[in-house]
2 protein chains.
Amino acid sequence: MAALEPLLMRVGGTRRRVRRGEYLFHAGAPFHALHGIRAGSFKSVLLTEDGREQVTGFHMAGEVLGLDSVGSEACGGDAIALEDSEVVEIPFEELDALASREPALQRELFKLLAGEIQRERTLMLLLGSMRAEERLAAFLLNLSKRLAARGWSATQFLLRMTREEIGSLLGLKLETVSRILSRFQAEGLIAVRNREITILELCALKAVIGRVDSRREIGA
Amino acid sequence: MAALEPLLMRVGGTRRRVRRGEYLFHAGAPFHALHGIRAGSFKSVLLTEDGREQVTGFHMAGEVLGLDSVGSEACGGDAIALEDSEVVEIPFEELDALASREPALQRELFKLLAGEIQRERTLMLLLGSMRAEERLAAFLLNLSKRLAARGWSATQFLLRMTREEIGSLLGLKLETVSRILSRFQAEGLIAVRNREITILELCALKAVIGRVDSRREIGA
DNA sequence: CGGCAGATTGACCCTCATCAATCAAGGTGG
DNA sequence: CCACCTTGATTGATGAGGGTCAATCTGCCG
């Protein structure tokens, strides 16, 4: 989520290329740097002792990865490239030291962390209180907004992740994701062709969040 | 979650009493302080523009409230006392300034924030991938662990919140919470009497997390 | 061309939400 | 002190939403 702010760039050092499917870092690896995404996209994955695995977020160019590990010794989860990507490593030691001398940077770091908390909180709310349809709508709208904020089209874009990964993030099975995308298409809200999404009725899509049931309403 | 660390106490100033049902702070109110809980307990509540409401956490003596608002202008949610309680206000302005001069404090603040992210992440995993039974088990075990960490009994305690509030946190309806507590009792895992919980079979309760189905297994 | 990962769609069934009745506990006022 | 009311909890009946299993389809890459 968090944007790659100018202040952070001051510290930003070495670049690194990561190819589709490769790990940027592993859970448990020593934490030593934040990563600003210059190009491409990633997923964050968490896995529990009992073998459960869950996607905790998707991240695109302009966002910062690794915030959840600040203050820890080790990385809290895996980060995996969804396509060929490039990042800048921002050594946390440096950043930490610089932040001590530079209140503005310190405040910015707090803001980034708070943003991360905010992001997870939104997801909690989604997982705790929304139905499948609403989750998908919220997901698409969120993607749309973030892409637009980086200068891309808000209404037409490519999903960099599989239906299964989307499902994992949203607490749904891949079949459910697929079905609901089809339903949205049948309702004329979006057009789906493989991973290409076109939002046709933005307002109607927003209205999905909160509606009780799509089919037995007044209509038809 | 986060413990009330010694360093924070240096800054801690004025005390404040909050009675059961009263707000410690409101969503949207200007954020100016963290709150260390000295006695009692609270719930954090979030409500969305479309009127949804969700409990995002329960907090007990020794934990810090308001971390999610660090770096923001305004409080991100409501905090409401579950019983008569007492807190110490830790003015964030002071804390922030002091952190600049004191690397150890800065690092501690980062740790607290990271802990908050960790806490929410655990909840995300729970909401995204666990069934109702597992959620309840995880909830009880989490409470047990936190109480034990503060010197209370790990096996016998009082729930300070209603079934509905538990359900809200776990993404379940209050009836489901009630039913599953009854089921746990019938299975001999716990004893329930109103809000008093006694954990009878800790290992078995842990084993609930991960088991596929309780009733149509081999047995009977 | 074949093989494979990912996506779609259908049929069935389980978990949990919903609606509703009953019960227990606690507080209040007479 | 007891009757009354309110709030919270328990339990049952029923059904919908979404999970599971499985077949088929599509696009892509070797």
Side-chain angles (χ1 to χ4, degrees), chain A residues 19-21 43 52 54-55 80 82-84 126-137 139 158-186 190-197 208-209 211-217, chain B residues 19-21 43 52 54-55 80 82-84 126-137 139 158-186 190-197 208-209 211-217:
Chain A
R19 265 190 298 202
R20 176 193 161 92
K43 64 170 173 177
R52 245 176 278 252
Q54 187 168 351
V55 172
I80 302 166
L82 292 172
E83 57 188 316
D84 294 358
L126 179 147
L127 290 169
S129 74
M130 288 189 181
R131 302 174 322 102
E133 253 187 1
E134 301 179 280
R135 296 185 196 186
L136 247 308
F139 171 73
L158 232 72
L159 300 175
R160 308 322 305 212
M161 67 297 287
T162 68
R163 305 286 193 262
E164 185 170 23
E165 288 164 335
I166 296 174
S168 177
L169 180 78
L170 301 180
L172 302 171
K173 292 293 142 176
L174 70 99
E175 295 95 327
T176 305
V177 173
S178 182
R179 265 185 252 276
I180 289 179
L181 287 179
S182 298
R183 190 188 305 167
F184 283 171
Q185 185 167 42
I190 63 174
V192 189
R193 232 191 45 200
N194 302 320
R195 298 207 179 168
E196 185 179 322
I197 299 284
V208 166
I209 301 170
R211 77 175 175 183
V212 176
D213 190 303
S214 53
R215 286 147 303 172
R216 60 148 175 235
E217 296 297 88
Chain B
R19 267 189 296 200
R20 177 193 161 92
K43 63 172 174 178
R52 246 176 277 256
Q54 185 168 351
V55 173
I80 302 166
L82 293 171
E83 57 189 314
D84 295 357
L126 179 149
L127 290 168
S129 73
M130 288 188 181
R131 303 178 316 105
E133 252 187 2
E134 300 179 283
R135 295 184 196 186
L136 246 307
F139 170 74
L158 234 75
L159 300 174
R160 313 308 324 203
M161 68 298 285
T162 67
R163 305 286 192 263
E164 184 168 24
E165 288 163 337
I166 297 174
S168 176
L169 180 78
L170 301 180
L172 302 170
K173 292 291 142 177
L174 70 101
E175 294 96 326
T176 304
V177 173
S178 182
R179 267 184 251 276
I180 290 179
L181 287 180
S182 298
R183 190 188 304 166
F184 283 169
Q185 185 167 42
I190 63 174
V192 190
R193 232 192 43 200
N194 302 320
R195 299 207 178 166
E196 185 179 323
I197 300 284
V208 166
I209 300 170
R211 80 175 173 184
V212 177
D213 190 303
S214 54
R215 286 148 300 171
R216 56 143 179 241
E217 297 297 87

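Labels below follow one simple rule: chain letters A, B, ... track the order of the sequence lines, proteins then strands, and each chain is numbered from 1.
The residue Leu181(B) sits apart from the nucleic acid: no heavy atom pair falls under 4.0 Å. Across all strands shown, Arg193(B) has no heavy atoms under 4.0 Å from either base or sugar-phosphate atoms. Residue contacts for Gly171(A): at a heavy-atom cut-off of 4.0 Å it reaches the sugar-phosphate backbone alone, with no base atom in range. Counting non-hydrogen atoms under 4.0 angstrom, Ser178(A) reaches a base of the nucleic acid.
An OP1 or OP2 oxygen of dT15(C) is reached within less than 4.0 angstrom by no side-chain nitrogen or oxygen of Thr176(B). The phosphate of dA7(C) has OP1 or OP2 within less than 4.0 Å of a side-chain N or O from Arg195(A). For dG6(C), neither phosphate oxygen OP1 nor OP2 lies less than 4.0 angstrom from any side-chain nitrogen or oxygen of Thr162(A). Checking the phosphate oxygens (OP1, OP2) of dT8(C), a side-chain nitrogen or oxygen of Arg163(A) falls inside 4.0 Å.
Two residues are said to be in side-chain contact when any heavy atoms from C-beta on lie closer than 4.5 Å; Gln185(B) and Arg193(B) fail this criterion. Residues Phe139(B) and Leu126(B) are not in side-chain contact: their nearest non-hydrogen atoms beyond the backbone lie 4.5 Å or more apart. When side chains are defined from C-beta on, Glu165(B) counts as touching Leu82(B), because their heavy atoms get closer than 4.5 Å.
The nucleotide whose nearest atom lies closest to any side-chain atom of Glu175(A) is, among dC16(C), dT10(D), dA22(D), dA22(D). Picking from dT11(D), dG19(D), dT15(C) the nucleotide with the shortest atom distance to the side chain of Lys173(A) gives dG19(D). Nearest nucleotide to the side chain of Arg179(B), out of dT15(C), dT20(D), dC19(C): dC19(C). Of the listed nucleotides (dG19(D), dC16(C), dT8(C)), dT8(C) has the atom at the smallest distance from the side chain of Val192(A). Comparing dT10(D), dA22(D), dC19(C) by their nearest atom to the side chain of Leu174(B) picks out dT10(D). In this structure, the nucleotide among dG18(D), dT11(D), dT8(C) sitting nearest to the side chain of Ser182(B) is dT11(D).
Atom NZ in Lys173(B) sits 14.5 Å away from atom CD1 in Ile166(B) (nearest 0.5 Å). Leu172(A) CG to Leu136(A) CG: the interatomic distance, rounded to the nearest 0.5 Å, is 6.5 Å.
Going from atom CD1 of Ile166(A) over to atom P of dG6(C) covers 13 Å, rounded to whole Å. Separating the CD atom of Gln185(B) from the C1' atom of dA9(D) is a distance of 13 Å, rounded to the nearest angstrom. Spacing between atom CG of Leu127(B) and atom C1' of dG18(D) amounts to 16 Å, rounded to whole angstrom units. To the nearest angstrom, P of dC16(C) lies 13 Å from CE of Met130(B). Between Leu172(B) atom CG and dG17(D) atom P the separation is 18 Å, expressed in whole Å. The separation between Arg183(B) atom CZ and dT10(D) atom C1' is 14 Å, rounded to whole Å. In this structure, the CZ atom of Arg131(A) is 11 Å from the C1' atom of dA17(C), given to the nearest Å. In this structure, Ile197(B) places its CD1 atom 11 Å from P of dA9(D), rounding to the nearest Å.
Formation of a donor-acceptor pair under 3.5 Å by the Ser168(A) side chain with backbone atoms of Glu164(A) is not found in this model.
For the residue pair Gly171(A) and Arg135(A), the shortest heavy atom distance occurs at O-NH1, 3.6 Å. Gln54(B) and Leu127(B) make their closest contact through NE2-CD1, 4.2 Å (heavy atoms, listed as atom of the first residue, atom of the second, distance).
Comparing the end axes of the helix from dC1(C)-dG30(D) to dG30(C)-dC1(D), each fitted to five base pairs by superposing C1' atoms of four pairs onto the next four, gives an inter-axis angle of 40° (nearest 10 degrees).
Residue Glu83(A) is tested with Lys43(A), Arg20(A), Arg160(A) for a salt bridge (Lys or Arg N to Asp or Glu O under 4.0 Å); the sole match is Arg160(A).
In terms of position on DNA chain D, the residue among Val177(B) and Arg135(A) whose nearest nucleotide sits closer to the 5' end is Val177(B).
The base of dC16(C) is not paired with the side chain of Glu133(B) by any donor and acceptor separated by under 3.5 Å.
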